[in-house]
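Heavy atoms only: backbone and side chains are in, while hydrogens, waters and symmetry mates are out. Letters A, B, ... mirror the listed sequences (proteins, then strands); counts begin at 1.
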There are 2 protein chains.
Amino acid sequence: MKYIKVYNDLKQKIQQNIYTTSSSLQGEEYLCELYDTSRTTIRKALEKLKHEGYIHSKQGSGIFVNPPEFYEEKNLRTLSEKIEKNVNLENVLMNFNIIEADQKLAEIFNLSINTKMIFYKRLRKINNIPKVLEVTYMPKYLFKNFSEENAKGAVLRYIEKECNYGISHDIKNVTAIILDKELSETLEMPEGTATLQIEHKVYLIKSILAQYTKEIQVNSNIRFVSVR
Amino acid sequence: MKYIKVYNDLKQKIQQNIYTTSSSLQGEEYLCELYDTSRTTIRKALEKLKHEGYIHSKQGSGIFVNPPEFYEEKNLRTLSEKIEKNVNLENVLMNFNIIEADQKLAEIFNLSINTKMIFYKRLRKINNIPKVLEVTYMPKYLFKNFSEENAKGAVLRYIEKECNYGISHDIKNVTAIILDKELSETLEMPEGTATLQIEHKVYLIKSILAQYTKEIQVNSNIRFVSVR
DNA sequence: TGACATTTGTCCGTATGTATA
DNA sequence: CTATACATACGGACAAATGTC
């Protein structure tokens, strides 16, 4: 796929700051010659970069690179994709079980009651400091071979690479909660601290709900970008 | 613009539930004939609908309509765009002033210290119940005629329609806070309640920061959709 | 299992419209 | 006013995935 190659190459150049912020990208005609393709292909690559917040273009003027804050938080990234290379991410598995769906779970997943579900609870530590407490449910029939070992690793990566499922969307529901005694102990924070609770619904293509997660993040703020 | 017409028409049909969820959209060839256009134009309209979460397509298979939760919260909408028609939104202006930027504000807006800024604080009530407390800063030079009256209305609408500026992105930073005495009184909630504090940065095209807002929302959760 | 038609995805060339400098 | 650069639109060809017989 030619346009993906162009897209990847331009993205890399942008991330390496080869283009200074707001500087122009020498024009579509030039890029056609540089990559030896048609304008259609170049525009498709630019479209993708635009959609992900890397660039914007203006008729009659040119193509401009956006500052990093425009694109860094726009797409769904896993915790392991977010953190830098030199920090240590550890997932402490606190619970792992195959359970049967109760009414609430069945409704969330749009499955019948008593459907077999994978359940796990884990504490994610960065450089040995607790950061996220996660409770996750996944339908067993979609992930027949999912093991404790998988639950300790990068689960979204598992879904994509091992199972070959295409992840489509993640719907996040954010609320504020106050840490009770139990939570404050596991998260090593004072009781009464205000934290963010995030409910995730990870969907595969064709609207299949693959994962329902409730997580509590300590000491953190979330950043989102909406496009008008 | 032909593709916008196709886009609008299909969007309207989707929102009116003319297509049942996950049902197919009769195919590109069919749509070409229906709207009397080329496949390029149809595909451009479909691309836009895809980006906004209304549909997804699969090679060899077809075009499918997504359930409402996929698209309803994906784009930047103002409070007045979100609420239903029959509820009463009232903005109580608590403060309005022209101030000079201190160091922190100057840094946020990337302007020099003492630049003239519009400042206002307002309480947004829905059916007479306090919902959002907002503190907003906007550079005076961008909005020369901005008045108290404008601050009582729909400000994003003012930016777009009255000033003719194009809004590009909104970057939200969400944190959890606990209501102190003063906040709890204005928001009519018990002291100590956990709430969401959202910092907005509304950018125009070319990365110009038009508005910086800090808002506190009571009794609410925020929903976001990330695309993988 | 294999062959086939269908449907979306990719790519090219070309022409014209429109905002900007 | 003019040249430039992006935006829109058309038509055609082939590739790749899917569903069906």
Side-chain angles (χ1 to χ4, degrees), chain A residues 1-10 14 19 22-51 53-66 160 163-168 204-208 227-228, chain B residues 1-10 14 19 22-51 53-66 160 163-168 204-208 227-228:
Chain A
M1 263 133 29
K2 232 167 168 178
Y3 84 94
I4 294 288
K5 278 187 186 167
V6 177
Y7 158 80
N8 279 328
D9 191 70
L10 286 174
I14 291 167
Y19 306 103
S22 280
S23 90
S24 91
L25 222 64
Q26 307 100 318
E28 295 178 357
E29 250 354 292
Y30 172 89
L31 295 171
C32 287
E33 286 192 21
L34 177 62
Y35 293 104
D36 190 32
T37 57
S38 69
R39 222 181 122 209
T40 319
T41 305
I42 293 296
R43 280 184 66 79
K44 193 137 194 230
L46 294 175
E47 199 60 38
K48 196 165 162 61
L49 289 168
K50 254 184 251 181
H51 184 234
Y54 290 99
I55 58 168
H56 66 270
S57 56
K58 205 166 184 182
Q59 195 175 150
S61 176
I63 308 158
F64 307 92
V65 176
N66 288 330
E160 287 182 322
C163 307
N164 258 317
Y165 291 138
I167 294 176
S168 157
L204 308 181
I205 42 177
K206 290 213 168 181
S207 312
I208 300 166
V227 187
R228 179 61 172 173
Chain B
M1 263 133 30
K2 232 166 168 180
Y3 84 93
I4 293 287
K5 277 188 187 167
V6 176
Y7 158 82
N8 280 326
D9 192 69
L10 286 173
I14 291 167
Y19 306 103
S22 279
S23 90
S24 89
L25 221 65
Q26 307 103 317
E28 296 179 357
E29 260 340 304
Y30 172 88
L31 295 172
C32 286
E33 287 191 22
L34 178 61
Y35 293 106
D36 190 32
T37 58
S38 68
R39 216 179 132 212
T40 320
T41 304
I42 293 294
R43 282 185 65 78
K44 190 133 198 235
L46 293 175
E47 198 61 36
K48 194 165 163 63
L49 289 167
K50 259 184 243 177
H51 279 165
Y54 290 98
I55 59 170
H56 68 269
S57 57
K58 207 168 184 181
Q59 194 174 150
S61 178
I63 308 159
F64 306 93
V65 176
N66 290 329
E160 286 183 322
C163 306
N164 258 315
Y165 291 137
I167 293 176
S168 158
L204 308 181
I205 42 176
K206 293 217 169 179
S207 311
I208 299 167
V227 186
R228 178 63 170 173

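- Nucleotide D:dA5 holds its C1' atom 14 Å from the CD1 atom of A:I55, rounded to whole Å.
- Taking only side-chain nitrogens and oxygens, B:K50 comes nearer than 4.0 Å to OP1 or OP2 of C:dG9.
- Contact check, A:S57 against D:dA7: a side-chain N or O comes under 4.0 Å of OP1 or OP2.
- Here D:dA7 presents its C1' atom at 15 Å from NZ of B:K2, a figure rounded to the nearest Å.
- Applying the side chain to side chain contact (heavy atoms under 4.5 Å, CB included) test to A:E47 and every residue at least two apart in sequence or in another chain returns A:K50.
- Annotation: salt bridge (charged side-chain N to carboxylate O under 4.0 Å, His left out) contacts involving residues 29-42 of chain A, sequence neighbours excluded, comprise A:E28-A:R39.
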Short heteroatom pairs, N/O only, protein and nucleotides 15-18 of chain D, under 3.5 Å:
from: D:dA16; atom 1: O4'; to: B:Q59; atom 2: OE1; distance (Å): 3.3
from: D:dA16; atom 1: N3; to: B:Q59; atom 2: OE1; distance (Å): 2.9
from: D:dA17; atom 1: O4'; to: B:Q59; atom 2: OE1; distance (Å): 3.4

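- B:Q26 places its CD atom 11 Å from the P atom of C:dT8, with the value rounded to the nearest Å.
- Taking atom OH of B:Y30 as the reference point, atom C1' of C:dT6 lies 17 Å away to the nearest angstrom.
- Here the closest non-hydrogen pair linking A:L46 and A:L31 is CD2-CD1, 4.3 Å.
- Residues forming a side chain to side chain contact (heavy atoms under 4.5 Å, CB included) with A:T37 (at least two apart in sequence, or on another chain): A:K2, A:Y35, A:T41, A:I42.
- Remark: of the listed residues B:N66, B:I14, B:L25, B:I14 is the sole one forming a side chain to side chain contact (heavy atoms under 4.5 Å, CB included) with B:Y54.
- The CZ atom of A:R43 lies 10.0 Å from the SG atom of A:C32; values are rounded to the nearest 0.5 Å.
- Atom CD1 of A:I63 is separated from atom CD of A:Q26 by 9.0 Å, given to the nearest 0.5 angstrom.
- Atom CD1 of B:I4 and atom C1' of D:dA7 are 11 Å apart (whole Å).
- The nearest whole Å value for the distance from the NZ atom in A:K48 to the P atom in C:dC11 is 13 Å.
- Atoms CD (A:E29) and P (C:dA15) sit 13 Å apart, rounded to a whole Å.
- Checked against side chain to side chain contact (heavy atoms under 4.5 Å, CB included), A:K48 has the following partners two or more places apart in sequence or in another chain: A:Y3, A:I4, A:Y7, A:E52.
- A side chain to side chain contact (heavy atoms under 4.5 Å, CB included) with A:V6 holds for exactly one of A:L10, A:N8, A:D9; it is A:L10.
- Rounded to a whole Å, the CD atom of B:E28 is 15 Å from the P atom of D:dG11.
- The stretch residues 39-47 of chain A touches DNA chain D through A:R39, A:R43, each having a heavy atom within less than 4.0 Å of the strand.
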